[in-house]
Protein chains: 2
Amino acid sequence: MSKKEDILKAATLLFATNGFKDTSMAELAHMTGAASATIFYHFKSKEELFLSVLSSVKDGILDEFSHYFGEKKFANGLEMLEGTVSFYLYLAGNKAEWFLLLHRYYPYKLAKENNACRHSLEDIYNCFVDIFEKALVQGQADGSIGKLSPRKTALLMLSTVDGIVRFKNCDLYDAGALYNELIATIRRMAANRNQKI
Amino acid sequence: MSKKEDILKAATLLFATNGFKDTSMAELAHMTGAASATIFYHFKSKEELFLSVLSSVKDGILDEFSHYFGEKKFANGLEMLEGTVSFYLYLAGNKAEWFLLLHRYYPYKLAKENNACRHSLEDIYNCFVDIFEKALVQGQADGSIGKLSPRKTALLMLSTVDGIVRFKNCDLYDAGALYNELIATIRRMAANRNQKI
DNA sequence: AGCCTAACTGACTGATCAGTTAGTTTTTAC
DNA sequence: GTAAAAACTAACTGATCAGTCAGTTAGGCT
């Protein structure tokens, strides 16, 4: 792996665990075995480094979801919905640093004045919401899911699942212990009242 | 108001909007018209100031909820549940700085090594979850809410509502536009399948 | 008045930080 | 082989920061 990639990977971890301001370029340099000037050779400023990190996280998330939903086939919309929740939780455990980063306030604050940052965040959240929405639309077509606004319900479901991930990342509550209830709740949220579920 | 209270109030706003590290004692001093040494006279360190802020936020939240639920009477558990969601959203708008602070990562990180911080956060989240749980238990008793684990469902509902508030605070999605859908979703989550809702 | 204490302050300090400069080493291309 | 370009670095800088110190001021009590 190139030194630039090393730096990006270490920076992702540091920004995720310590935040933007609490990550020092000296610390990052020491961690990667590079001189701090090397970091400024590859990334012109700390903020640009952060933007690169966020962009690579965006690429990672979009890749992961497109791979999962490219291979996996679902019997109906409700099953796709459950698959989405499961995969979101799996990813939040497997790539914890991505979600830690997204659960910090700094990216959203930066997004207010920086277009690149805003676009990365929009891509990420659109990816999340779109998949929930697709499952809901499919489920309404095949009858496994009841009548409701797909976009808004997708947002509410993302809110629920992401909230649980945040609770876990903040050490407030254990996500694993809530898994069964979460799936059951999502089913109830999507319930088609015309059939037994 | 005493200067100490002035400092605490301004610090709450600054910590909420800029975070811990990005709030400078000099800025806080200038904002309150005090010398920076005055802040250190009242609070022995920046961290202790933050703990005082968090503790006062905790007191504020506990007060607000105890007043609301002390006065208000509900016909049944389901109505209490809706009242809880509405009041949570109202408070998130009216006391935005409290929720901005709670949606930052710093408090949770500090909580891992500081008992006072951990206890404040526990008090706040127990208050939230307890009220949702109480509504669910009452609703199960009066038949307005179906059979489900009250504690876990309370957590999931808090996760949904708080997630929406976070989306709003991060400028991702508008909470107001989702209000009707949110209430409808909460009703579906709590649904008693034995009766029309 | 005199005294005590709590509230407050201006001026300072040492540490840390992001970023620069001027230069060296390594890789690439011919 | 060599020249140019890319990768890298040690040493430095100016700014900012939390926190200190040596005092001054204001108000209550006898």
Side-chain angles (χ1 to χ4, degrees), chain A residues 1-57 101 104-114 116-117, chain B residues 1-56 101 104-107 109-114 116-117:
Chain A
M1 206 192 304
S2 74
K3 186 142 277 187
K4 191 175 177 179
E5 282 171 320
D6 274 346
I7 292 168
L8 203 67
K9 210 167 180 177
T12 306
L13 209 66
L14 285 178
F15 283 142
T17 53
N18 300 332
F20 182 79
K21 202 73 179 222
D22 264 313
T23 295
S24 89
M25 301 305 262
E27 185 189 2
L28 178 58
H30 182 258
M31 199 171 169
T32 53
S36 74
T38 305
I39 300 171
F40 287 98
Y41 168 74
H42 289 293
F43 306 92
K44 76 171 186 235
S45 70
K46 192 182 181 184
E47 187 174 307
E48 213 210 54
L49 171 61
F50 183 84
L51 292 171
S52 298
V53 164
L54 191 63
S55 180
S56 81
V57 167
L101 197 76
R104 291 190 164 272
Y105 189 69
Y106 182 79
Y108 307 95
K109 194 171 190 191
L110 185 59
K112 293 179 191 192
E113 57 182 49
N114 183 294
C117 182
Chain B
M1 207 192 303
S2 76
K3 186 141 277 190
K4 190 174 178 181
E5 282 171 319
D6 274 344
I7 293 168
L8 203 67
K9 210 167 181 177
T12 305
L13 210 65
L14 285 178
F15 283 143
T17 54
N18 300 332
F20 182 78
K21 203 73 178 225
D22 263 313
T23 294
S24 89
M25 301 305 261
E27 186 189 1
L28 178 57
H30 182 258
M31 200 173 167
T32 53
S36 74
T38 304
I39 301 171
F40 287 98
Y41 168 73
H42 288 294
F43 306 93
K44 78 173 184 231
S45 70
K46 193 182 180 183
E47 187 175 306
E48 212 210 55
L49 171 61
F50 183 85
L51 292 171
S52 298
V53 164
L54 190 64
S55 180
S56 82
L101 197 78
R104 291 190 162 274
Y105 190 69
Y106 182 78
K109 194 169 189 191
L110 184 59
K112 293 179 191 192
E113 55 182 50
N114 183 294
C117 183

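Side chains are part of it too, since the values below use all heavy atoms of this structure and drop only hydrogens, waters and symmetry mates. Below, read A as the first sequence line, B as the second, and so on, with proteins coming before strands; counting in each chain starts at 1.
- A straight line from NE2 of A:H30 to C1' of D:dA10 spans 16 Å, rounded to a whole angstrom.
- In this structure, B:K3 atom NZ and C:dA6 atom P are separated by 19 Å, rounded to whole Å.
- Residues A:N18 and B:K109 are in side-chain contact: their nearest non-hydrogen atoms beyond the backbone lie under 4.5 Å apart.
- Judged by the 6.0 Å distance and 45° axis criteria, B:K4 is positioned over the aromatic ring of B:F43.
- The stretch residues 38-55 of chain B comes close to DNA chain D through B:F40, B:S45, B:K46, each having a heavy atom under 4.0 Å from the strand.
- Side-chain rings of B:F50 and B:Y106 approach one another, their centers coming within less than 6.0 Å.
- Atom pair A:L14:CG and C:dC17:P shows a separation of 12 Å (rounding to whole Å applied).
- Rounded to whole Å, the distance from CE on B:M25 to P on C:dT9 is 14 Å.
- The listed nucleotides are D:dA10, C:dT9, C:dG19; the one nearest the side chain of A:A37 is D:dA10.
- Taking each heavy atom of A:N114 and A:A116 in turn, the nearest pair found is OD1-N, 3.0 Å.
- If you measure from atom NZ of A:K21 to atom C1' of C:dA18, you get 10 Å, rounded to the nearest angstrom.
- Residue B:T23 is classed as a sugar-phosphate contact, given heavy-atom separations below 4.0 Å to backbone atoms only.
- Taking the ring centroids of A:Y105 and B:Y105, they lie at or beyond the 6.0 Å cut-off.
- Taking 4.5 Å as the limit, every side-chain heavy atom of B:F20 sits out of range of all side-chain heavy atoms of B:R104.
- For A:L28 and C:dA18, the CG to P distance is 10 Å, given to the nearest whole Å.
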